[in-house]
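Step one of this worksheet: look at the structure below.
Being a predicted model, the structure only gives us computed values, none of them experimental.
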Amino acid sequence: EWLQQYIAPFFNLN
Amino acid sequence: MLEARLEQAQILKKVVEAIKDLVQDCNFDCNDAGIQLQAMDNSHVALVSMKLGSEGFSPYRCDRNIALGINLNSLMKVLRAAANEDLLTLKAEDQPDSLNLLFESSSQDRLSEYDIKLMDIDQEHLGIPDTEYAATITLPSAEFQRICRDLSALSESVSIEANKDGVKFACSGDIGNGSVTLRPHTNVEDEDKSTKIELTEPVNLTFSLKYLVNFCKASSLSATVRLCLSNEVPLLVEYQMGAGYLRFYLAPKIGD
């Protein structure tokens with residue numbers, strides 16, 4: 001089972 | 001006001017074609033340096049960043065910062081009316097309600113003019129920091145597209161493992177598994193067909209193939225693509241254009 005991470009935290013985006 | 005003429009409409013056509021399935025609405029931020037775009041995809045796992053520098057236009061004029069809020073499907077409908085080789089001029093007032101697009105055939109015997117309505121999009125343009133990546137791989141864009149397409153037939157995700165010997169794309173699915181390994185080599189006749197690996201430390205990351213296949217729609221923009229990887233940070237997939245770039249960032253997958 002893979003989990004896809006959100007991109008926002010990597011760039012300090014909301 | 002903004003007035004920007006591209007020598008070939010196909011540059012903007014290809015950019016919009018490549019990103020319209022990831023992003024629906026976004027701001028084209030115009031200033032004296034050129035036109036930039038930055039948007040997250042609808043599911044917030046990928047980031048698109050595009051720059052068309054002012055030097056890529058002739059002439060280019062932008063007196064003050066203008067954000068053009070555009071629905072990309074609407075823009076594509078209009079851009080389909082332009083031939084690839086047409087001159088394309090973008091015009092907008094300082095506080096525009098619409099964007100004017102003028103297509104001129106190279107023989108100058110046909111002029112087409114369209115206006116598309118703009119929308120207010122609350123979207124901040126944030127500087128993405130320059131990152132030192134552990135591995136940078138430059139390869140033919142068609143090769144990367146083929147690898148992503150072939151492996152996506154077997155699996156939803158691909159691991160990309162780069163070390164000094166080469167880069168290995170591997171996947172595993174219900175029907176079996178597969179891998180493609182590229183070793184660095186130089187094509188002396190055509191530099192664009194070379195595979196180059198710059199490495200400070202080995203990396204191994206897993207990404208969604210659905211997104212990579214989508215990014216590869218930009219392949220016609222550039223003969224080569226650059227993949228930049230560091231462990232536990234988003235992958236950067238970069239297509240260079242004459243006076244700018246189209247970049248995609250994709251967050252890695254993590255094990256459960």
Side-chain angles (χ1 to χ4, degrees), chain A, chain B residues 22-23 26-27 38-49 121-131 133 155-160 170-174 204-212 214-215 228-237 247-256:
Chain A
E1 191 69 22
W2 292 102
L3 290 177
Q4 178 63 61
Q5 298 186 80
Y6 292 110
I7 194 87
F10 291 102
F11 297 109
N12 295 319
L13 304 173
N14 292 321
Chain B
L22 285 170
V23 178
C26 62
N27 280 328
Q38 183 181 295
M40 272 188 281
D41 81 295
N42 301 327
S43 54
H44 290 201
V45 303
L47 182 70
V48 178
S49 175
I121 300 172
D122 185 18
Q123 195 178 52
E124 201 177 344
H125 193 100
L126 293 151
I128 297 171
D130 282 335
T131 304
Y133 287 94
S155 176
E156 289 182 354
S157 58
V158 60
S159 68
I160 305 179
C171 75
S172 173
D174 292 341
N204 190 353
L205 288 153
T206 301
F207 299 98
S208 159
L209 275 164
K210 183 179 81 172
Y211 283 89
L212 297 183
N214 217 322
F215 300 165
C228 302
L229 303 106
S230 285
N231 285 318
E232 293 170 32
V233 306
L235 163 74
L236 165 59
V237 179
R247 292 175 178 159
F248 300 95
Y249 296 86
L250 180 63
K253 286 190 161 191
I254 51 173
D256 188 16

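With hydrogens and angles disregarded, no donor-acceptor distance shorter than 3.5 Å links the side chain of Gln5(A) to the backbone of Val233(B).
The distance between the ring centers of Phe11(A) and Tyr249(B) falls below 6.0 angstrom.
Minimum heavy-atom separation, Ala8(A) to Met40(B): CB-SD, 4.1 Å. Closest of all the heavy-atom pairs between Ala251(B) and Ile7(A) is N-CD1, 3.6 Å.
Residues meeting the side-chain hydrogen bond (donor to acceptor under 3.5 Å, both in side chains) test with Ser172(B), sequence neighbours left out: none. When the ring-ring contact (aromatic ring centres under 6.0 Å, His included) test is applied to Phe207(B), no partner is found at least two apart in sequence or on another chain.
We find the CG-OG1 distance between Leu3(A) and Thr206(B) to be 12.0 Å, quoted to the nearest 0.5 Å. Here the CD1 atom belonging to Ile128(B) is positioned 13.5 Å from the CZ atom belonging to Phe10(A), to the nearest 0.5 angstrom.
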